[in-house]
Amino acid sequence: MKSLIALIRSLPGWSSGIGARFAWVFIFTIAFVAVFGPLIANEKPYYCKLDGHRYFPLFTSVSESGLSAGHPTHSPVNWHTTKFESVWRTPVPFGHQTIDLKAGSYISPFASQSGSNRFRHWLGTDALGRDVLAGMIRGCRVSLLIGLGSMLIALLIGVPLGSAAAWWGNKGWRFTILQFMILLITSAVIFFIWFAPITIPTKSLISIFLVTSVVYLLHRTRSDARGRIGVPIDHIVMGWVSIIDGFPALFLILILVAIVPLKGWVVVMLTIALLRWPSMARYMRAEVFKMKESNYIKAAQILNVPSWQILRRHIVPYAFRPVMISFVFGVSSAILAESSLSFLGIGLPTEEINWGRLLAQSRNHFDAWWLVLFPGLAIFFTLLSLYTIGNAWQKGSEK
Amino acid sequence: MMIRSLLRRCLNALALLGVISIIAFYLSKLVPGDEVLDYLSLDDSKYAASVDPLEQRKAYARVAKKRGLDLPLFYLSVLPSSYPDSLFLILPVSDRHTLKKWARSTNKKEAVMDLYRDLQSGLRHACPKADTSDAANQLCQTIRELMNTPDLFSAHHKILRTYHLLSKDSTAPSGTMAILDKFNHHIEQLIRSPQKLKAMEWLPSFYWHGSHNQYHQWMAGFITFRPLTSLIDGRNAWSKIFDALKWTLLLNGLAFILAIILGVLIGLWSGTYDGLKKESVINIILFTLFALPSFWLATLFIYFLSSGEWLSIFPAGGLGPYHGEANFFKKWAVLLTHLTLPVLCLSLGSLAYISRQMKQSVINQFHQPYVLSLRTLGVSEKTILRKHIFKNALFPVITMIGGALPVLLSGSLIIEVIFSIPGMGRLMYTSLVAHDWPVVFPILMFGAAITVLSYILTDIVYKWADPRVKSMET
């Protein structure tokens with residue numbers, strides 16, 4: 001317990017004021033709901049008893065039709081209407097895809113609803129008669145998954161590339177002529193293998209083997225300073241950064257959704273990562289440039305500490321905090337991007353429901369203020385919390 | 001020195017644009033669907049639905065030639081040696097994919113081409129007679145199916161089945177069985193006896209096409225402003241783009257000017273009075289505005305101010321009947337009432353951002369030693385603020401504005417969709433969804449050029465405003 005309190009106190013920005021604390025509490029609530037969403041909003045009860053038999057439908061694969069077959073007297077079994085001997089329901093007895101035909105579509109939270117309060121739609125229903133609260137709970141999961149996932153990928157690409165670009169620059173990484181020839185020949189061989197008449201798995205295996213062996217060879221015979229031919233790492237990385245900046249985001253998203261044969265949300269996540277890593281790389285590059293000039297790094301260089309070790313032990317850990325601050329801001333912009341895309345109906349499959357989708361439904365039905373208000377508030381407070389945390393962290397690190 | 005570095009930057013920018021155009025071109029070719037068929041439905045709509053395969057093929061070839069889609073994709077093609085030599089010239093594209101699969105599974109390019117030629121001549125032989133004879137019709141159908149069967153074994157199976165069917169039919173025109181025999185012969189040759197590859201066949205073959213390729217034609221047409229036809233409605237793509245650009249410039253320009261003027265003023269004010277109570281209230285409001293998603297704000301605006309649920313003081317969307325107004329002022333009055341809400345939505349977020357940057361920059365300037373020395377000289381606070389701090393603090397904001405220039409032109413899709421304004425964002429979206437490349441590519445290249453240009457421009461302004469700034473290249 002004590003260590004938990006200490007952990008909470010050590011959260012960035014926690015001590016800076018009441019605002020940041022509220023922000024952390026809100027983010028943790030969203031994260032909790034995202035993780036345990038199916039246990040909070042589900043049409044299946046945790047536990048039910050029928051004809052003396054006990055079932056745990058939420059944790060086992062017991063279905064309505066299965067129960068109907070087992071208990072013909074109660075057939076057809078419906079989770080909501082069947083009279084169970086005893087039943088423990090989830091707090092929200094609707095799944096995000098449950099269509100409540102009895103209640104109907106566009107039910108206001110204040111409208112008189114048939115049925116007991118237990119089955120009331122506290123936040124109303126959407127165009128298809130799905131519970132808005134259950135949809136919002138589902139939305140936590142989608143938003144957080146895409147926001148965190150895409151930024152983690154962006155971080156994993158951007159930080160190594162950005163720091164390599166700043167550290168080695170255009171002349172720092174050198175190859176001897178022999179190493180350069182090996183590299184050239186290997187690339188040529190891989191090129192030819194790719195067009196040889198053999199199956200694709202064989203090609204990939206041979207290519208991976210070649211690449212790993214050459215990387216190992218180059219690593220063993222490495223010579224940072226002695227080589228003749230410099231690798232323009234900075235030019236290469238910054239070139240890619242400018243290329244991605246030059247593309248309109250909409251073009252990349254729509255094309256990638258059309259051509260990448262993966263699930264919709266994975267493509268959206270990968271695309272946001274693709275669009276965000278340049279800013280991470282640029283940020284990291286500026287940080288490392290600053291640090292490169294500091295005396296302790298120069299001392300390490302004079303002591304002949306290998307570049308890898310300087311980067312790993314003395315640069316990346318110290319750049320951690322500023323990078324994490326921009327990570328927090330990045331997550332918020334990724335969540336904003338995801339909900340904007342859902343609002344427009346791009347990317348995610350049409351049956352998926354989340355904050356942006358709920359908000360978009362209000363455009364066909366202007367009376368439905370609950371579809372404007374609640375999902376919008378969820379997006380707004382998530383963004384506000386993330387900004388507050390990032391801001392507090394930034395202020396704390398400036399002191 | 002300055003000119004040389006500028007020249008190098010411009011060359012770099014050109015190279016960058018070239019790479020972007022190549023990537024965009026290839027990405028567009030990866031999108032599933034046949035471009036020629038899209039054009040076919042636009043140019044010769046009666047052939048697109050035609051049942052006669054020969055007529056359809058002729059129309060296809062005609063459209064492909066007219067639109068330059070019969071050319072190879074790029075200057076250089078690299079193909080495995082086992083593929084037929086003229087693979088990139090075979091039309092329709094679906095045939096090309098089938099041939100590729102056949103060649104890959106057998107490694108016999110001559111036999112594959114023989115089979116394909118026989119299929120084509122079979123098509124010419126059988127299909128004109130399809131109306132008069134059942135057998136010819138059957139053969140014609142089979143050949144069309146074969147041309148879309150990538151798996152050779154199932155193709156063989158189909159041939160045998162048709163052979164079996166037609167051998168009972170005594171009304172079949174002469175030559176039908178001979179054609180099927182030929183197919184059977186070729187396909188059995190392909191399936192049986194795997195061919196030993198010669199040493200040279202492991203290497204890919206390179207084909208140089210010169211300027212006679214799709215990418216070159218497209219780029220040349222783009223640079224020389226050749227009229228491009230939109231696939232959606234057949235209008236000139238350039239005029240579509242300029243129409244949309246007009247609205248986007250008006251909308252985003254107004255929002256931009258509003259955000260900059262208000263943002264700089266608020267930033268200057270809150271930087272000067274940093275720490276006061278009323279300043280912190282303004283600060284919190286701006287912070288909240290920054291976190292407000294613009295599309296939610298727009299939906300709220302429409303709900304509260306224009307849907308009639310609460311109030312109905314603003315029009316809900318579109319641009320209004322401004323064409324009908326004769327008077328210049330009345331015209332603009334109509335337009336501006338329609339643009340008020342979208343401009344507000346667009347500017348509020350960036351206003352908060354700009355004012356925060358400006359505030360930080362003003363505070364930094366107050367800590368500079370020159371402020372102290374000016375104060376000791378007895379210069380009034382007002383003069384210090386107006387003449388010195390304002391000028392110096394504006395500098396980081398200018399670079400930010402430079403970075404935001406591309407956004408000004410690319411349009412903001414979501415606001416344009418909500419308020420139904422026919423701007424660039426919506427044009428790009430509808431064109432992309434319909435795979436209307438003649439409209440998409442100019443917008444894309446235009447946007448990329450503006451982005452690259454804004455980098456150079458920001459750099460120049462930066463150097464001009466602060467000569468101490470070292471070039472990052474050194």
Side-chain angles (χ1 to χ4, degrees), chain A residues 19 170 191-199 234-235 238-240 242-256 258-259 289 332 335-336 339-341 343-344 346 355-356 359-360 362-363 366-369 371-373 375-377 379-388 391, chain B residues 12-13 15-17 19-20 23-24 27-28 30-33 78-82 103-104 107 197 201-205 284 287-288 290-297 299-300 302-303 307-309 316 406 410 413-414 417-418 425 428-429 432-433 435 440 443-444 447-449 451-452 455 473:
Chain A
N170 289 323
F191 177 80
F192 283 126
I193 284 175
W194 206 247
F195 286 100
I198 42 179
T199 58
D234 197 23
H235 277 329
M238 292 323 277
W240 276 107
S242 333
I243 286 172
I244 289 176
D245 277 346
F247 274 106
L250 191 66
F251 176 83
L252 282 181
I253 289 172
L254 282 174
I255 294 250
L256 288 179
I259 62 180
F289 256 131
S332 65
I335 289 178
L336 182 63
S339 46
S340 314
L341 287 177
F343 184 83
L344 292 169
I346 303 169
W355 296 340
L359 199 52
S362 72
R363 280 173 42 72
F366 276 119
D367 305 339
W369 56 267
L371 287 176
V372 183
L373 191 65
L377 278 179
I379 301 171
F380 171 59
F381 277 118
T382 311
L383 295 186
L384 190 65
S385 305
L386 286 169
Y387 286 145
T388 312
N391 208 32
Chain B
N12 273 349
L16 206 65
L17 286 180
V19 175
I20 287 176
I23 294 176
L27 276 178
S28 80
L30 280 177
V31 170
V78 186
L79 286 178
S81 316
S82 57
R104 194 187 288 157
N107 289 335
L197 285 170
E201 283 176 353
W202 284 89
L203 297 177
S205 11
I284 289 173
F287 194 69
T288 320
F290 186 46
L292 211 59
S294 65
F295 64 97
W296 188 46
L297 191 68
T299 322
L300 284 179
I302 287 191
Y303 181 76
S307 73
E309 287 295 317
S410 67
L413 172 64
I414 207 152
V417 166
I418 293 174
M428 183 74 167
Y429 179 62
L432 264 170
V433 170
H435 299 168
V440 170
I443 301 180
L444 187 140
T451 313
V452 172
Y455 285 159
E473 290 160 25

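Below, chains carry the letters A, B, ... as their sequence lines are ordered, and counting in each starts from 1. When reading the values below, keep in mind they use all heavy atoms of this one structure, side chains included, and skip hydrogens, waters and symmetry mates.
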Undergrad: How many angstroms lie between CG in L432(B) and CG in L250(A), if you round to the nearest 0.5 Å?
TA: 5.5 Å
Undergrad: With chain B, which of T199(A), L336(A), I244(A), I259(A) has the greatest number of heavy-atom pairs at distances under 4.5 Å?
TA: I259(A)
Undergrad: For W194(A), does the CH2 atom have more than 12 heavy-atom neighbours from other residues, nucleotides or ligands under 6.0 Å away?
TA: yes
Undergrad: Which distance, rounded to the nearest 0.5 Å, do you find between the CE of M238(A) and the CG of D245(A)?
TA: 8.5 Å
Undergrad: Could you grab the distance from atom CG of L383(A) to atom OG1 of T288(B), nearest 0.5 Å is fine?
TA: 12.0 Å
Undergrad: About how many Å separate CG of L384(A) and CG of L292(B), when rounded to the nearest 0.5 Å?
TA: 9.0 Å
Undergrad: Where does L252(A) contact chain B at under 4.5 Å (heavy atoms): side chain, backbone, both or neither?
TA: side chain
Undergrad: Would you name the heavy atoms of P204(B) and V78(B) that are closest together and state the gap between them?
TA: CB-CG1, 3.8 Å
Undergrad: Please state whether the side chain, the backbone, both or neither of T388(A) comes within less than 4.5 Å of a heavy atom of chain B.
TA: both
Undergrad: With a 4.5 angstrom heavy-atom cut-off, which part of F191(A) approaches chain B: side chain, backbone, both or neither?
TA: side chain
Undergrad: Given heavy-atom pairs under 4.5 angstrom as the criterion, report whether the side chain, backbone, both or neither of Y387(A) touches chain B.
TA: both
Undergrad: Can you say whether S362(A) sits under 4.5 Å from chain B via the side chain, the backbone, both, or neither, judging by heavy atoms?
TA: side chain
Undergrad: Work out which heavy atom in S339(A) is nearest to a heavy atom in F295(B); give both atom names and the distance.
TA: OG-CZ, 3.8 Å
Undergrad: Using a 4.5 angstrom heavy-atom cutoff, name the option from S205(B), P293(B), G447(B) with the most pairs to chain A.
TA: P293(B)
Undergrad: So what's closer than 4.5 Å to chain A heavy atoms on A15(B): side chain, backbone, both or neither?
TA: neither
Undergrad: Heavy-atom distance under 4.5 Å to chain B: side chain of L377(A), backbone, both or neither?
TA: both
Undergrad: Quick one: of L297(B), I284(B), I23(B), V19(B), who has the most non-hydrogen atom pairs under 4.5 Å with chain A?
TA: I23(B)
Undergrad: To the nearest 0.5 Å, what is the distance between OG1 (T299(B)) and CD1 (I418(B))?
TA: 4.5 Å
Undergrad: Using non-hydrogen atoms only, which part of W355(A) is less than 4.5 Å away from chain B: side chain, backbone, both, or neither?
TA: neither
Undergrad: Which of the residues I346(A), L256(A), L386(A) is involved in the greatest number of heavy-atom pairs with chain B at under 4.5 angstrom?
TA: I346(A)
